[in-house]
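One structure is given below, encoded as structure tokens.
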Amino acid sequence: MPELPEVETIRRELRSLILNKKIKDFQVKDSIFLKKPKSKAVWRKNITSKVKDVTRQGKFLIIQLSNGLKVVIHLRMTGQIIYGGDDGAKIKIVFSDSSTLSYYDKRRFGEWYLVKNEKEIPLLCLLGADPTEESFTIDVLSNLLQKRNTKAYDFLLDQRSISGIGNIYVNEILYNAKLSPFRKTREIKADEIEQLYYSIREILNKALKARGSSVDTYLDIWGNPGKYAYQHVVYGKEGEFCAYCPNKIMRGKLSSRSIYFCPGCQQ
DNA sequence: AATCGTTCCTGATAGC
DNA sequence: TGCTATCAGGAACGAT
């Protein structure tokens, strides 16, 4: 499940690798990933341009081309981007120096767009604050929490409030902040908001330093796993003792996905 | 209008 | 042992 730290790790290294390279060919083995346009031929015709920049918005990876078009990729659950790669790739970008980028995706949920404007992608134009930016302050978080009337867990996962957090980091963040996943956003007090803010920053920064979490299929562009899963304290840790109290980490269901939390610390 | 539950997809694994 | 059923989760979609 590539979330902000994983997509950002990919972006940073991909950028320095493919900047100013010209795309020579675009090979597609499975068209399910091409969301807009859907035609393989239109992609092949329009993608042959130079890479001007590689950016990220939330969990979207964006390859900016000199011809003004943008290749927007969302890895969803099992999407992988590998520099080089093999013949098993579902999509392959070939550069004029013969280097390649390969795309793999076991569960086929990934999304590829080739658009003039990000606004053509429904969720992308609605994305909320990037929690790793300087502009994301305690006040910003506080205002966002007031605007919503939902549970802390659902709030953090909603890409329209804060972008980039998925199920691994939401569980780690809430535990670190000692905040219940069921807590209503408007009922969170000022000192708790401050703690939540620092937990968001700290967990995402540490995950970024460790090059992300490889619990399922995530790999960096070299095909190597990230190391943050070794630092997970609640995600996938059902039944293990909490580090701060005598309780054990519990697993439950919220909004039809798995939540992991300490019933003692996160009241 | 905003929130909540269901669906998509396939590989891994629990359970009979 | 071998098969089937269930689970995993990001975000669109439909229902409330």
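Letters A, B, ... mirror the listed sequences (proteins, then strands); counts begin at 1.
If you take NE2 of A:His74 and P of B:dC9, they are 17 Å apart, rounded to a whole angstrom. Computed from coordinates, the A:Phe60 CZ to C:dA12 C1' distance equals 11 Å when rounded to whole Å. With rounding to whole Å, A:Lys151 atom NZ is found 11 Å from B:dG5 atom C1'. Separating the CD atom of A:Glu6 from the C1' atom of C:dG10 is a distance of 13 Å, rounded to the nearest angstrom. Summarising the geometry, the separation between CD1 on A:Ile259 and P on C:dG10 is reported as 14 Å, rounded to the nearest angstrom. The interatomic distance linking A:Asp216 (CG) with C:dG10 (C1') rounds to 13 Å, in whole Å. Taking atom CZ on A:Phe155 and atom C1' on B:dC4, their separation rounds to 17 Å, with Å as the unit. Nucleotide C:dA12 holds its P atom 10 Å from the CG atom of A:Asp158, rounded to whole Å.
The residue A:Glu111 sits apart from the nucleic acid: no heavy atom pair falls under 4.0 Å. Among the protein residues, A:Tyr235 comes within range of the sugar-phosphate backbone only, with heavy atoms under 4.0 Å from sugar or phosphate atoms but none that close to a base. Residue-level contact check: A:Met1 touches the backbone only, with heavy atoms under 4.0 Å from sugar-phosphate atoms and none from bases. At a threshold of 4.0 angstrom between heavy atoms, the contacts of A:Arg108 are confined to the sugar-phosphate backbone, with no base atom among them. A:Lys253 comes within 4.0 angstrom of sugar-phosphate atoms only, judged by non-hydrogen atoms across all strands, and of no base. In this structure, A:Asn149 reaches the sugar-phosphate backbone alone: every heavy-atom distance under 4.0 Å involves primed, P, OP1 or OP2 atoms, never a base.
For the OP1/OP2 pair of C:dG10 and a distance below 4.0 Å, the side-chain nitrogens and oxygens of A:Gln159 include no atom meeting the criterion. Considering only side-chain N and O atoms, A:Lys59 lies under 4.0 angstrom from the phosphate OP1 or OP2 of C:dA11. Side-chain nitrogen and oxygen atoms of A:Thr78 include none within less than 4.0 Å of the OP1 or OP2 phosphate oxygen of B:dG11. Put simply, A:Ser258 has a side-chain N or O that comes within less than 4.0 Å of OP1 or OP2 on C:dG9.
Contact of the A:Thr217 side chain with the A:Tyr104 side chain is not registered, since no non-hydrogen atoms from C-beta on lie closer than 4.5 Å. You'll find the side chain of A:Cys242 reaches within 4.5 Å of the side chain of A:Ile249, heavy atoms only. With contacts defined as side-chain heavy-atom distances shorter than 4.5 Å, the pair A:Phe136/A:Leu141 qualifies.
Where A:Asp154 and A:Lys106 meet DNA chain B, the nucleotide closest to each residue was compared, and A:Asp154 sits on the side nearer the 5' end. Comparing A:Arg107 and A:Leu124 by the nucleotide of DNA chain C that holds the closest heavy atom to each, the one mapping nearer the 5' end is A:Arg107.
Atom CG of residue A:Leu145 and atom CZ of residue A:Arg183 lie 10.5 Å apart, to the nearest 0.5 angstrom. Here the straight-line distance linking atom NZ of A:Lys206 with atom CD of A:Glu202 works out to 4.0 Å at 0.5 Å rounding.
Checking B:dC4, C:dA11, B:dC9 against every side-chain atom of A:Phe109, the shortest atom distance belongs to B:dC9. Picking from B:dT6, C:dG9, B:dT3 the nucleotide with the shortest atom distance to the side chain of A:Ser256 gives B:dT6.
Results of the ring pair (Phe, Tyr, Trp, His ring centres under 6.0 Å) test with A:Phe33 over A:Phe26, A:Tyr103, A:Trp43 single out A:Tyr103 as the only residue that passes.
Put simply, the side chain of A:Arg257 and the base of C:dG10 share a donor and an acceptor less than 3.5 Å apart.
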